[in-house]
Amino acid sequence: VLSSSYTGFGHGSLQRDCDELQELLRYLIDHRQAQEFCLVGHSTGCQDAVYFLQHGAPELCDKVRVIALQAPVSDREHAALHEGHGDHLRVAQTLVNEGKGDEMMPRTAFWAPITAQRFVDLNEKGGRDDFFSSDYTNDELATRLGHVGRNRPNLKVLVAFSGADEYVPDYVDKPLLTKRLVQAMNTDGEQANLVAEGLYLATGNHNLSEGKDDAKIFVNKLAEMMKVSQ
């Protein structure tokens with residue numbers, strides 16, 4: 001269980017998650033003879049997986065054969081729908097600029113305890129956690145996600161997006177965003193590296209607990225990709 005699990009993510013960072021994931025993988029290699037890995041990220045876990053591929057130790061990243069991104073949503077776009085969000089973001093930005101990023105935000109800012117730095121990471125355009133926002137251009141998405149497919153001929157990535165995800169604003173074209181995320185991960189400058197594919201679940205909610213058979217479809221697709229990767 002990562003330190004950021006449950007309400008812990010409000011006072012952590014993607015780098016802390018990356019460090020803990022590396023510690024876990026090294027343990028499994030040293031003590032359980034693990035040779036290859038599949039990372040399954042849900043919500044913020046999707047950001048963790050994408051970040052890990054960019055900042056994790058190369059020898060560990062090379063052992064990852066499959067990554068599933070289930071509900072790769074934009075925290076920023078969802079948060080922007082709430083009243084007072086802009087004011088809270090300005091408070092957080094001010095604290096960070098003053099070198100007080102570890103200070104906690106007011107209780108009204110978020111439903112869980114959260115530091116100013118984490119609030120900025122999640123809610124500022126281009127923040128450390130802002131990988132999947134629909135208002136990015138295709139080039140901007142490629143800049144954020146292009147490293148996923150870079151020089152990784154043995155990697156398979158599943159982008160599973162839900163059509164009824166309650167954390168995605170209604171104005172977002174979800175099928176189109178799914179395709180754009182896949183395209184961004186398969187683009188490395190002028191070269192296409194086809195490591196990612198999309199799975200659009202029209203009736204799926206954020207954690208696949210509502211739509212009939214959505215969770216089963218996701219799990220079966222993931223199992224299929226893991227089998228192919230062996």
Side-chain angles (χ1 to χ4, degrees), residues 2-21 39 41-56 67 69-148 150 157 159 161 165-169 171-172 174 177-178 180-185 187 206:
L2 298 181
S3 300
S4 62
S5 295
Y6 309 106
T7 58
F9 74 94
H11 54 77
S13 66
L14 294 183
Q15 185 58 55
R16 185 179 73 178
D17 290 349
C18 182
D19 292 341
E20 293 183 1
L21 281 171
L39 301 181
H42 164 67
S43 200
T44 304
C46 299
Q47 289 137 231
D48 279 329
V50 168
Y51 186 92
F52 179 83
L53 286 179
Q54 189 169 27
H55 299 279
I67 285 181
L69 306 178
Q70 192 272 308
V73 303
S74 168
D75 293 274
R76 172 169 64 85
E77 289 185 319
H78 175 257
L81 301 176
H82 294 82
E83 185 177 354
H85 170 71
D87 293 334
H88 287 130
L89 181 56
R90 284 187 285 274
V91 169
Q93 289 168 328
T94 298
L95 287 170
V96 170
N97 291 337
E98 293 175 350
K100 301 176 181 178
D102 288 337
E103 292 293 321
M104 303 303 292
M105 291 289 290
R107 291 176 182 268
T108 54
F110 201 62
W111 61 269
I114 191 167
T115 64
Q117 183 62 67
R118 187 64 167 160
F119 196 89
V120 170
D121 290 348
L122 290 165
N123 297 305
E124 183 177 65
K125 186 171 184 179
R128 295 173 186 171
D129 283 70
D130 192 17
F131 289 111
F132 311 118
S133 295
S134 67
D135 61 354
Y136 280 138
T137 65
N138 289 339
D139 286 343
E140 288 172 331
L141 279 178
T143 297
R144 302 291 284 175
L145 299 171
H147 68 275
V148 171
R150 188 174 303 141
V157 180
V159 181
F161 211 97
D165 194 313
E166 59 270 33
Y167 293 99
V168 180
Y171 65 78
V172 174
K174 300 175 186 67
L177 179 58
T178 306
R180 294 180 66 220
L181 294 176
V182 169
Q183 180 183 24
M185 294 177 195
T187 301
H206 189 61

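All residue numbers in this chain count up from 1 along the given sequence.
Within 6.0 Å of CZ on Arg16 lie more than 12 heavy atoms contributed by other residues, nucleotides or ligands. Sparse packing is recorded around OH of Tyr6, with 12 or fewer heavy atoms of other residues, nucleotides or ligands lying under 6.0 Å away. Counting heavy-atom neighbours within 6.0 Å of Asp102 CG, excluding the residue itself, gives a total of 12 or less.
For the atom pair OG of Ser74 and CG of Leu122, the computed distance is 9.5 Å after rounding to the nearest 0.5 Å. Here the CE atom belonging to Met185 is positioned 9.0 Å from the CD1 atom belonging to Ile67, to the nearest 0.5 angstrom. We find the OG-OH distance between Ser13 and Tyr51 to be 6.5 Å, quoted to the nearest 0.5 Å. Atom-to-atom distance recorded for Arg144:CZ and Leu181:CG is 12.5 Å, nearest 0.5 angstrom.
The closest side-chain donor-acceptor pair between Gln15 and Asp19 falls under 3.5 angstrom. Defined by atom type and a distance below 3.5 Å, a donor-acceptor pair is missing between the side-chain atoms of Glu103 and Thr115. At a cut-off of 3.5 Å, with distance as the only test, a side-chain donor of Glu20 or Ser3 sits close to an acceptor on the other residue. There is a side-chain donor-acceptor pair under 3.5 Å between Asp130 and Ser133.
Side-chain contact between Ser4 and Thr44 is absent, with no heavy atoms from C-beta onward closer than 4.5 Å. Counting only heavy atoms from C-beta outward, the side chains of Thr94 and Lys100 never approach each other to under 4.5 Å. Looking only at side-chain heavy atoms (C-beta outward), Leu81 and Pro169 come within less than 4.5 Å of each other. Residues Cys18 and Leu21 fail the side-chain proximity criterion, which asks for heavy atoms closer than 4.5 Å. In this structure the side chain of Thr143 never reaches within 4.5 angstrom of the side chain of Tyr136, judged on heavy atoms. Inter-residue side-chain proximity for Phe132 and Leu145 is flagged as met; some heavy-atom pair is nearer than 4.5 Å. No side-chain heavy atom of Val50 sits less than 4.5 Å from a side-chain heavy atom of Gln54. Counting only heavy atoms from C-beta outward, the side chains of Lys125 and Asp135 approach each other to under 4.5 Å.
Nearest approach of Val159 to Pro72, heavy atoms of both residues: CG1-CG, 4.1 Å. The shortest heavy-atom contact between Asn123 and Ala79 is OD1-CB, 3.2 Å.
When atom types are taken as modelled, the side chain of Gln183 and the backbone of Arg180 share no donor-acceptor pair closer than 3.5 angstrom. The closest donor-acceptor contact from the side chain of Glu77 to the backbone of Ser134 lies under 3.5 Å.
The distance between the ring centers of His42 and His206 falls below 6.0 angstrom.
Classified by interplanar angle (parallel below 30°, tilted 30° to 60°, perpendicular above 60°), the ring pair His85/Phe119 is tilted. Classified by interplanar angle (parallel below 30°, tilted 30° to 60°, perpendicular above 60°), the ring pair His78/Tyr167 is perpendicular.
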Report task. For the pair Asp121 and Gln117, evaluate side-chain hydrogen bond (donor to acceptor under 3.5 Å, both in side chains) and give the outcome as yes or no after the intermediate values. Result -> CA-CA 6 Å; Asp121 290 348; Gln117 183 62 67; 2.8 Å; yes

Requested in this report: List the steps, then state whether side chain to side chain contact (heavy atoms under 4.5 Å, CB included) holds for Arg118 with Asp129.
Outcome: CA-CA 9 Å; Arg118 187 64 167 160; Asp129 283 70; 2.8 Å; yes

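Cation-pi check for Arg76 over Phe131 is not met; the charged atom does not lie both under 6.0 angstrom from the ring centroid and within 45 degrees of its normal.
Annotation: salt bridge (charged side-chain N to carboxylate O under 4.0 Å, His left out) contacts of Asp87 (sequence neighbours excluded): Arg90.
For the side-chain contact (heavy atoms from CB on, under 4.5 Å) with Met105, the lone residue among Val120, Ile114, Leu89 that qualifies is Ile114.
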